[in-house]
Amino acid sequence: MNKMIIKGGHRLSGNVTIGGAKNSTVALIPAAILADTPVQFDMVPNILDVHNLMVILESMNVSSDFADGILNVDPTTINESALPSKAIKSLRASYYFMGALLGRFGRAKITFPGGDNIGPRPIDQHIKAFEAMGAKVENDGDEIIITTNEDGLHGAQIFLDVVSVGATINAILAAVKAKGSTVIRNAAKEPEIIDVVTFLNNMGAKVRGAGTDVIRIEGVESLRAKNTHIIIPDRIEAGTYLSMAAAYGDGVKIQNVIPEHLESFIAKLQEMGIDLQINEDSIYVPKTEELKNIEIKTMPYPGFATDLQQPITPLLLMAAGDSTIIDTIYPKRTKHISELKKMGAKIRYDEGNGTIIVSHTDALVGSKIEAGEIRAGASEMIAGLMAQGTTVIDNADNILRGYDNIIDKLTNLNAVVELVNDES
Ligand SMILES: CC(=O)N[C@H]1[C@@H](OP(=O)(O)OP(=O)(O)OC[C@H]2O[C@@H](n3ccc(=O)[nH]c3=O)[C@H](O)[C@@H]2O)O[C@H](CO)[C@@H](O)[C@@H]1O
Ligand SMILES: C=C(OP(=O)(O)O)C(=O)O
């Protein structure tokens, strides 16, 4: 486990370049095992989730190598073997091996996934989709065992009861090589879903409608990679730097951004009075002295992302009055609150109506705190940069799960920050 040590009080300036999207990457890597050829990804973020997925691939005799943002995966000698439960538990997206193994072998056996502790995270909609396609799903303790009869998976009509990113992608992974047509209704519309479908279609899959709430899939026999897949920029990483720059920057340019993926987030910054300069693939955040308070409600895409409600919180502390946040996706996603309070933040959670109230706070002080999950950690990291004195964030591996080359990027922005491994 790593600790992040931040010497606060150094205002940020300069440029930062956003990496490839974590939530695309963690689906693309499992999706690679559907291919009958080696595959190559570019713009792969250097994050712990990628390294843990490589450990899972290795256990199936799938070789992979990763350097300078390029990840090669060779699934041509894949075999069915027990997957390492420690790596499976280290991230949420290991659930994509269910859909991918089903597509490849017609069966899957996998430990329940881990990932961020942000309240209940059921996978009933994933299971419903697999069952609709003819799979039998059983639980054995902490393991999920999914089987099909000799005919394998067949196409199906699937109506998701809740809009779920994971269930939408898992249903696609299972359906691309199933026999016949599948229609997924009430599908999630996140850009990462389009990214995964672009990868699959470039290998010969027949998937239409990604990015809308109806996705139609015609099963195909084989998937073969012909070119390198370039991963889209991480809109959540970009939103984190936008928040940080607006809260404590003297002028910061955020590069490799698709502004259209951040419309709801950008609208909130503009509502606060921040005069963002938005270009084709970059956003400049000027220093802003007076910030208005706002109200936020998280929603499925294109609404305000749950993954950005914690990272925007330190910025809300600077606003003139009380701001409110209601997280409709994960109402209990509040692990940052106790830690920010230790730093002097005026913030509270009203459990009765599920509202987080963030009040103007004059100063934050460096403290010893803990990153309970990735975005709580991101929120605390921004607060640490803004605080007077030193902040030590325990369990910083939760931040490293999803923030590409974080120390280098912050250092380039004038921050004073380091990681210390406290294993010994
Ligand atoms: C690896 C990845 O891409 N993670 C993202 C993904 O997580 P994940 O795919 O796990 O989140 P979902 O979109 O599935 O969850 C959305 C909502 O649906 C509920 N639900 C989900 C599945 C299910 O079978 N049953 C059910 O009830 C969840 O409890 C949640 O309230 O989307 C979340 C919501 O945007 C983000 O916070 C995560 O960063
Ligand atoms: C919740 C998140 O990740 P995961 O679903 O991988 O746990 C996140 O990225 O904010």
Side-chain angles (χ1 to χ4, degrees), residues 19-31 45 47-50 52-53 87-99 112-132 137 144 158-173 184 186-196 213 231-232 234-240 261 264-265 298-312 326-333 335-336 354 371-379 397-404:
K22 157 184 166 280
N23 287 349
S24 286
T25 309
V26 297
L28 288 163
I29 294 174
I47 55 176
L48 279 185
D49 276 11
V50 167
N52 281 314
L53 284 165
I88 296 278
K89 286 278 180 210
S90 75
L91 78 162
R92 176 74 180 159
S94 43
Y95 55 31
Y96 290 131
F97 282 110
M98 292 192 276
F112 264 93
D116 280 327
N117 184 357
I118 53 182
R121 301 186 77 179
I123 54 167
D124 54 302
Q125 298 303 305
H126 305 233
I127 290 169
K128 173 178 155 165
F130 300 146
E131 286 177 338
V137 184
I144 307 164
I158 300 160
F159 192 101
L160 297 177
D161 300 326
V162 289
V163 178
S164 159
V165 176
T168 301
I169 294 181
N170 242 336
I172 295 170
L173 296 180
I184 307 167
N186 201 25
K189 296 185 277 201
E190 270 69 1
E192 293 75 19
I193 297 169
I194 304 177
D195 202 18
V196 173
D213 59 5
I231 299 170
I232 60 169
D234 193 311
R235 64 197 162 93
I236 308 300
E237 186 195 6
T240 303
H261 289 173
S264 49
F265 189 78
T298 70
M299 291 284 170
Y301 188 84
F304 192 101
T306 167
D307 296 350
L308 284 172
Q309 63 95 346
Q310 293 153 301
I312 202 175
I326 298 179
D327 192 336
T328 70
I329 313 285
Y330 294 113
K332 299 246 154 66
R333 201 170 193 179
K335 284 208 175 337
H336 56 310
E373 47 108 349
I374 175 174
R375 307 303 167 188
S379 172
D397 283 13
N398 274 328
I399 302 174
L400 305 181
R401 272 198 56 214
Y403 284 92
D404 171 61

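Note that the coordinates shown come from a computational prediction; the quantities given were computed from them, not determined experimentally. Start at 1 and go down the list; that is how both ligands and their atoms are numbered.
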Write out the protein residues near ligand 1, meaning a non-hydrogen atom under 4.0 Å from one of its atoms, in order of chain and number.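 If the criterion is a heavy atom under 4.0 Å, then ligand 1 touches Asn23, Val26, Arg92, Tyr95, Pro120, Arg121, Pro122, Ile123, Asp124, Gln125, His126, Val162, Val163, Ser164, Val165, Gly166, Thr306, Asp307, Ile329, Tyr330, Arg333.
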Classify the ring geometry of His261 against Tyr301: parallel below 30°, tilted from 30° to 60°, perpendicular beyond 60°. perpendicular
Within the 4.0 Å heavy-atom shell around Ile374, which atoms of ligand 2 are there?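 That gives atoms 8 (C), 10 (O) of ligand 2.
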Which atoms from ligand 2 have a heavy atom of Asp307 less than 4.0 Å away? 8 (C), 9 (O), 10 (O)
If you round to the nearest 0.5 Å, how far is [atom2] of [Y] from [atom1] of [X]?
X: Asn186; Y: Thr168; atom1: CG; atom2: OG1; result: 8.0 Å
X: Asp327; Y: Met299; atom1: CG; atom2: CE; result: 10.0 Å
X: Tyr95; Y: Leu173; atom1: OH; atom2: CG; result: 10.5 Å

Compute the minimum heavy-atom distance from Gln309 to ligand 2 and say whether it is under 4.0 Å.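 Outside the 4.0 Å threshold, so no.
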Side-chain donor/acceptor of Ser264 to backbone N/O of Pro302, under 3.5 Å: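 Judged by distance alone, yes, a pair lies under 3.5 Å.
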Location of contacts on Arg121 toward ligand 2, heavy atoms closer than 4.0 Å: side chain
With heavy atoms under 4.0 Å as the rule, classify the contact between Gln310 and ligand 2 as side chain, backbone, both or neither. neither
Whether [Y] and [X] form a salt bridge (side-chain N of Lys/Arg under 4.0 Å from carboxylate O of Asp/Glu) is what I want to check.
X: Arg333; Y: Asp307; value: yes
X: Lys128; Y: Asp161; value: yes
X: Arg401; Y: Glu373; value: no

Out of Arg375, Lys22, Glu237, Glu373, whose heavy atom is nearest to atom 10 (O) of ligand 2?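 The residue whose heavy atom sits nearest atom 10 (O) of ligand 2 is Arg375.
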Just wondering, do His126 and Ser164 contact through their side chains at under 4.5 Å, heavy atoms? yes
